[in-house]
Engineer: 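Structure in structure tokens, see below.
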Amino acid sequence: MHGAPYWQTTPYTIPIGIGALLFVVLAAYLFRRRTERRLVPGATLGALLLVASGLWMGTYALELSVTDFSTKVLLNQLGYVGIAPLPLLWFAYVTRHAGVKLNSRAAWVALGSVPVAVVALVVTNPWHGLIWTDLWVDADHGYAVLVNEHGVAFDGFIAYAYALILLGCGVLGRTLLRADGIYRKQTLALLGGGLVPAVGGVVCVAGLSPVPGLDLPVLAFSVTSAAVAWSVFHHRLFTLVPVAWESAVESMHDAALVLDGDGRVIDVNPAGERFLSLPLSDAYGQSVARVLPTELVDALGGVPTAGSEAEATLTTEDGERALLVETTPLGDESDMSGSLVLVRDVTERVERERRLERQNERLDEFASVVSHDLRNPLTVARGYLELAAETGDAEYFERIENAHDRMETIIEDLLTLARQGETLTDVTPVALRTVAQEAWDGTVVGDATLDVRVDRTIAADRGRLRQLLENLFRNAVEHGSDGGSLTVVVAGVDGGFTVEDDGSGISEAERADVFERGYTTHENGTGFGLPIVKTVADAHGWSVELTESDAGGARFEFTGVETEPEPANAEQSTND
């Protein structure tokens with residue numbers, strides 16, 4: 001069939017042509033995205049792999065479509081431009097995908113020299129016959145097919161190609177055992193893309209093809225082209241390289257998410273699954289705004305466009321957690337191909353920082369008291385000591401003792417805040433009446449009376465409860481008695497108890513300040529008594545409110561207290 005070429009149709013031309021077109025379109029898509037710097041390194045390899053496949057398939061589709069012998073031979077030679085580098089490109093991309101590093105430049109040069117040599121041998125084949133020894137056209141099946149009688153160089157190329165294919169499949173098989181999520185799907189697509197044409201090649205080389213001369217690997221590629229196209233757009237094949245993902249990110253305690261340039265979820269490590277609002281399989285390909293809590297999306301700023309760091313507070317089953325959200329760009333930060341999002345639980349760190357801030361505040365207060373409040377009674381004691389030394393008057397020694405007592409009170413209050421702060425050592429059922437009486441007995445009360453009108457058991461740290469009551473009793477006597485008699489009443493209310501007196505009370509303007517450390521209206525006050533009361537209440541989880549009693553004095557009401565019912569004689573009072 002020599003002479004002018006004319007066209008023919010075969011059952012294989014259209015599927016092979018469509019497959020070639022798909023590969024070329026996908027390659028153009030990847031090259032365009034590559035020039036926009038929206039892909040990580042490795043995408044160029046993927047695009048070249050598709051170009052080589054498309055060129056091989058396209059030239060073979062044309063070869064099947066013509067009947068002229070010389071044209072078929074020319075197209076057959078052109079097809080080797082795609083065939084020769086294809087095994088090496090596939091192997092190179094597979095190793096890149098799996099994170100396998102082959103750093104030997106000499107090895108790559110040696111592997112790359114084979115395709116160059118094959119193309120050179122194809123061009124010069126009429127002189128040596130190493131690629132094919134004979135060519136003819138077979139028309140027994142109703143259409144003309146070019147048949148090759150292969151030479152020794154072709155057999156060597158086949159051995160080279162299948163060695164790379166098998167090595168690549170081994171690498172992918174190992175990767176598949178450890179991969180999950182989107183990378184598992186990408187790896188399966190690559191493995192299928194390599195195995196299906198390889199099987200077709202074995203059938204063809206073994207002479208088992210139903211149509212002599214028909215290139216079965218090309219036909220197999222037409223089937224896999226659809227699967228590759230699906231994986232490119234749905235599984236982001238050729239767009240993200242999972243280097244060391246399994247060994248590093250999968251084992252992290254911090255949540256890690258990989259997003260593409262449009263903010264869609266590509267992969268999530270096990271620690272990150274707890275933040276997803278959808279099952280992991282449904283979250284793939286979804287916008288990050290759909291699968292993450294609003295707090296985390298706000299911390300990301302929507303779709304990440306650059307590296308960033310932000311904090312978020314999220315309520316979980318374990319309570320309120322402080323989270324640090326870090327975004328690292330993948331690719332060029334000015335035009336990212338994607339991003340890695342790390343979510344770290346920093347609750348313990350934040351709590352430590354808050355405790356440190358409170359400790360620093362207390363240290364500042366202590367320094368203020370030491371430098372000011374302690375200096376006053378110390379100066380007074382030193383002055384009276386000089387007078388006592390000059391005159392021998394015993395009255396001065398009594399005033400010195402009072403100054404020392406004043407310093408001792410200040411020091412005790414400071415130590416209470418410094419040593420115990422906001423901690424509880426032992427919360428047990430405690431009889432409120434008994435602890436109130438013990439606290440009263442340990443307080444210098446002067447002309448004052450205690451009236452306990454409650455007989456109930458509450459859940460409290462006994463020692464800290466006594467401190468609370470002692471400070472309330474001392475505050476009532478020192479600030480509310482005005483030199484006269486005073487009655488302090490401990491009574492019960494729903495969900496708690498009250499401590500009130502009939503003294504001069506605390507003005508409404510001052511009530512908001514009395515719980516502040518260092519605030520006092522008494523010339524000898526430390527400003528730490530009522531802050532200690534507030535600290536103990538907070539440590540128990542109680543609320544405290546300061547109001548005016550019915551008698552015009554101060555009334556402290558504690559609520560949120562775990563209590564047990566009172567007995568029938570709860571109205572009985574304890575007077576002292």
Side-chain angles (χ1 to χ4, degrees), residues 23 42 44-46 48-57 60 76-77 79-123 125 128-133 148-179 186-209 215-221 223-224 227-228 237-238 241:
F23 278 137
T44 300
L45 276 175
L48 290 174
L49 177 63
L50 295 176
V51 168
S53 302
L55 179 60
W56 179 20
M57 296 174 67
Y60 190 67
N76 181 54
Q77 291 175 311
Y80 274 90
V81 177
I83 297 171
L86 191 58
L88 181 59
L89 289 172
W90 187 81
F91 179 73
Y93 185 79
V94 162
T95 55
R96 191 66 175 269
H97 171 87
V100 176
K101 293 185 178 180
L102 300 178
N103 296 321
S104 174
R105 183 181 296 273
W108 283 112
V109 170
L111 291 173
S113 64
V114 175
V116 175
V118 168
V119 172
L121 290 174
V122 167
V123 173
N125 189 79
H128 50 68
L130 294 177
I131 297 298
W132 62 81
T133 58
N148 293 261
E149 185 70 37
H150 295 118
V152 64
F154 180 83
D155 294 337
F157 171 69
I158 290 297
Y160 160 87
Y162 275 86
L164 292 181
I165 291 172
L166 291 177
L167 283 174
C169 289
V171 170
L172 289 176
R174 188 187 65 174
T175 303
L176 192 62
L177 293 176
R178 297 175 297 155
Q186 290 180 348
T187 303
L188 281 171
L190 284 173
L191 190 58
L195 285 177
V196 173
V199 171
V202 171
V203 174
C204 184
V205 172
L208 302 177
S209 173
D215 199 334
L216 291 182
V218 178
L219 189 59
F221 259 120
V223 176
T224 60
V228 171
L237 185 61
F238 305 123
V241 183

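Each residue takes its place number in the sequence, starting with 1.
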Engineer: Return the minimal non-hydrogen interatomic distance between Leu86 and Ala52, and the atom names on each side.
Structural biologist: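 Heavy atoms of Leu86 and Ala52 come nearest at CD1-CB, 3.8 Å.
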Engineer: Shortest non-hydrogen contact from Ala153 to Ile131?
Structural biologist: CB-CD1, 3.8 Å
Engineer: Hey, what do you get for CZ (Phe91) to SG (Cys169), rounding to the nearest 0.5 Å?
Structural biologist: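 So the CZ of Phe91 and the SG of Cys169 are separated by 11.0 Å.
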Engineer: Treating Tyr160 as the side-chain partner and Leu111 as the backbone partner, does any N or O pair qualify as donor plus acceptor under 3.5 Å?
Structural biologist: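 The answer is yes, because a donor-acceptor pair under 3.5 Å joins these two groups.
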Engineer: Specify the closest pair of heavy atoms between Leu55 and Gly82, including all atoms of both residues, with the distance to one decimal.
Structural biologist: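 Minimum heavy-atom separation between Leu55 and Gly82: CD2-N, 3.7 Å.
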Engineer: For a quick test of reading the model, state the closest non-hydrogen atom pair linking Pro87 to Ala84 and the distance between them.
Structural biologist: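 Looks like CD-O, 3.5 Å.
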Engineer: Over 60° means perpendicular and under 30° means parallel, so tell me whether Tyr80 and Phe154 are parallel, tilted or perpendicular.
Structural biologist: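 It falls in the perpendicular class, over 60°.
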Engineer: Do Trp132 and Asn76 pass the side-chain contact (heavy atoms from CB on, under 4.5 Å) test, and can you show the C-alpha distance, the side-chain angles, and the key distance before you say yes or no?
Structural biologist: CA-CA 11 Å; Trp132 62 81; Asn76 181 54; 3.9 Å; yes
Engineer: So, the side chain of Thr133 versus the backbone of Gly151: is there a donor-acceptor pair under 3.5 Å, distance only?
Structural biologist: no
Engineer: Which heavy atom of Val118 sits nearest a heavy atom of Phe157, and at what distance?
Structural biologist: CG2-CD1, 3.6 Å
